[in-house]
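Below: the structure, in structure tokens.
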Amino acid sequence: SNKNLKYIVCLGGSSTVAGKNNSNTYPAYLENAIRNSNDNFRVINAGVAGTTTINYREILSRLPTSIDVQYVIIHNAINDIVWYLMPKWIDEQNQLQKLLLKSNFINYYFGDLFTPSDELIRKSLRNSILSNIKTLAIELEKKDIQVFITSFIYPNLEDANKNDAQRLNLNLRYQWNSSNPDYISSHISLNKYCQIIDYYNQEIQNVFAESKTTFLPLNKSIKLRLDEFKDICHLEQSGIKKKGVMTADLFLDSLSNHRN
């Protein structure tokens, strides 16, 4: 084996695994793009569909010990938010709120009023996902593994055409939330979902500001059309490629800034 090889592990959920086959995933495009400028890098796709941040340590422990990992890139948010935080927010509602949300009309048109305050949303993001990642990052950094966390990609609704926006709105309300029958979190609209992800992206920067962990502003840097979103977080093949190439650009920029 080549002693000069540097291994990057990509952690995440199904949006890390997504692609027609292994060579069409974002970590594969990431590796190709990085190797165009430095052939010593190899990327391992450690994405697991449906996984949440609490499982990352175990996923990393399953990697062969012969691989000397030097970098970890994390791209994930939605699984923790939809499977863990949203049900928790519903649990914390009072009986009247729960009752009102049983009305499809209220649920659909006024549902966003039933989400926690902005400050509470930010706090729950810090205390769950970001706290899990921070604990892991500190452990990895003790082993000289550098951690990168990307902002999570979400649809830009500013110049959205009505059909695409409605397609994604229905996807969020009915497909993402139908797998958990106890919690029909469909009261959260696409606009609100995008705002929550935006808060998450901002909080990454707040939480890791004074740390060794590097923030990669993927969402702000990448230009995706709404029709490149298969659903609220999975991309069509062209989008997956853009994501891999942009992540490579940001990663390499960050490395060269560290050296200077």
Side-chain angles (χ1 to χ4, degrees), residues 1-19 21-32 34-35 38 40-85 87-88 124-153 179-180 200 203-204 207-208 210-216 218 233-234 240 243-244 247-248 250-252 254-255 258:
S1 73
N2 182 345
K3 278 276 173 267
N4 295 332
L5 287 184
K6 296 175 181 190
Y7 285 96
I8 302 168
V9 173
C10 290
L11 287 175
S14 52
S15 63
T16 299
V17 190
N21 52 43
N22 275 345
S23 56
N24 294 114
T25 60
Y26 113 76
Y29 291 120
L30 169 70
E31 178 176 302
N32 292 342
I34 290 177
R35 287 178 67 180
N38 185 334
N40 290 337
F41 284 96
R42 296 294 180 273
V43 176
I44 296 165
N45 186 344
V48 176
T51 197
T52 53
T53 47
I54 207 81
N55 302 315
Y56 287 169
R57 187 178 292 102
E58 195 217 331
I59 292 167
L60 287 170
S61 72
R62 285 190 236 144
L63 294 172
T65 47
S66 57
I67 292 172
D68 180 21
V69 176
Q70 283 169 297
Y71 306 99
V72 167
I73 299 178
I74 298 172
H75 178 84
N76 200 9
I78 187 165
N79 293 337
D80 290 74
I81 291 170
V82 172
W83 311 136
Y84 172 73
L85 286 180
K88 197 164 156 290
S124 42
L125 292 165
R126 288 195 298 271
N127 293 346
S128 59
I129 315 183
L130 291 168
S131 164
N132 293 343
I133 293 175
K134 189 164 196 179
T135 307
L136 178 68
I138 291 168
E139 284 172 27
L140 293 175
E141 283 152 6
K142 282 182 185 151
K143 300 177 188 170
D144 282 332
I145 297 171
Q146 202 179 334
V147 179
F148 296 79
I149 173 166
T150 73
S151 55
F152 197 70
I153 293 174
S179 9
N180 191 340
Y200 167 75
E203 289 301 328
I204 298 172
V207 168
F208 292 102
E210 300 300 315
S211 75
K212 292 179 181 169
T213 306
T214 307
F215 172 68
L216 301 178
L218 180 61
C233 69
H234 296 102
I240 294 173
K243 175 179 169 182
T247 305
L250 294 168
F251 174 78
L252 290 171
S254 162
L255 285 192
H258 274 277

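- Here the shortest heavy-atom pairing between Ala77 and Tyr200 reads CB-CE2, 3.5 Å.
- In this structure, the side chains of Ile133 and Ile74 come closer than 4.5 Å at one or more pairs of heavy atoms.
- Here the NZ-CZ distance, from Lys6 to Phe41, works out to 5.0 Å after rounding to the nearest 0.5 Å.
- Taking the side chain as every heavy atom from C-beta outward, Asn24 and Tyr29 approach each other to under 4.5 Å.
- Of the candidates Asp80, Asn76, Asn79, Asp80 is the only one forming a side-chain hydrogen bond (donor to acceptor under 3.5 Å, both in side chains) with Thr53.
- With values rounded to the nearest 0.5 angstrom, Ile204 atom CD1 is found 11.0 Å from Thr213 atom OG1.
- Using a cut-off of 4.0 Å between Lys/Arg side-chain N and Asp/Glu carboxylate O, Glu58 and Arg62 are scored as salt-bridged.
- Looking at heavy atoms from C-beta onward, Ile34 lies in side-chain contact with Ile8 at the 4.5 angstrom threshold.
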- Query: Are Ile44 and Leu63 close enough, and set up right, to give a side-chain contact (heavy atoms from CB on, under 4.5 Å), and what steps lead you there?
  - Reply: CA-CA 9 Å; Ile44 296 165; Leu63 294 172; 4.0 Å; yes
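- For the atom pair CG of Leu140 and OG1 of Thr135, the computed distance is 11.0 Å after rounding to the nearest 0.5 Å.
- The two residues Glu31 and Val43 have their closest heavy-atom pair at OE1-N, 2.7 Å.
- Residues Leu216 and His75 have side chains not in contact (no heavy-atom distance under 4.5 Å, counting atoms from C-beta outward).
- Between Phe251 and Phe148, the distance from one ring center to the other falls under 6.0 angstrom.
- Residues Gly12 and Thr51 come closest through the heavy atom pair O-CG2, 3.4 Å.
- Across all non-hydrogen atoms, the minimal contact from Ile240 to Ala18 is CD1-O, 3.7 Å.
- Within 6.0 Å of CG on Asn22 lie no more than 12 heavy atoms contributed by other residues, nucleotides or ligands.
- For the atom pair CZ (Arg42) and CD1 (Ile67), the distance works out to 11.5 Å, reported to the nearest 0.5 Å.
- A donor-acceptor pair under 3.5 Å is formed between the side chain of Lys243 and the backbone N or O of Ser15.
- You'll find the side chain of Ile54 stays beyond 4.5 Å of the side chain of Tyr84, heavy atoms only.
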- Asn55 vs Val48, side-chain contact (heavy atoms from CB on, under 4.5 Å): CA-CA, chis, key distance, verdict: CA-CA 9 Å; Asn55 302 315; Val48 176; over 6 Å; no
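- The two residues Ser124 and Ser128 have their closest heavy-atom pair at O-OG, 2.6 Å.
- If you check the side chains of His234 and Ser14, you find a donor sitting under 3.5 Å from an acceptor.
- Closest non-hydrogen pair, Thr25 versus Val17, comes out as CG2-O, 3.2 Å.
- For the atom pair OG1 of Thr247 and CG of Leu218, the computed distance is 4.5 Å after rounding to the nearest 0.5 Å.
- Remark: Thr52 OG1 to Ile81 CD1 distance equals 12.0 Å, nearest 0.5 Å.
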- Apply side-chain contact (heavy atoms from CB on, under 4.5 Å) to Gln70 and Tyr7, showing your working. CA-CA 6 Å; Gln70 283 169 297; Tyr7 285 96; over 6 Å; no
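- Of the options Leu136, Val69, Asp68, a side-chain contact (heavy atoms from CB on, under 4.5 Å) to Ile145 is made by Val69 and by none of the others.
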- Message: What verdict does the side-chain contact (heavy atoms from CB on, under 4.5 Å) test give for Glu141 and Val147, after you've listed the backbone C-alpha separation in whole Å, the side-chain angles of each residue and the deciding distance to 0.1 Å?
- Response: CA-CA 7 Å; Glu141 283 152 6; Val147 179; 3.8 Å; yes
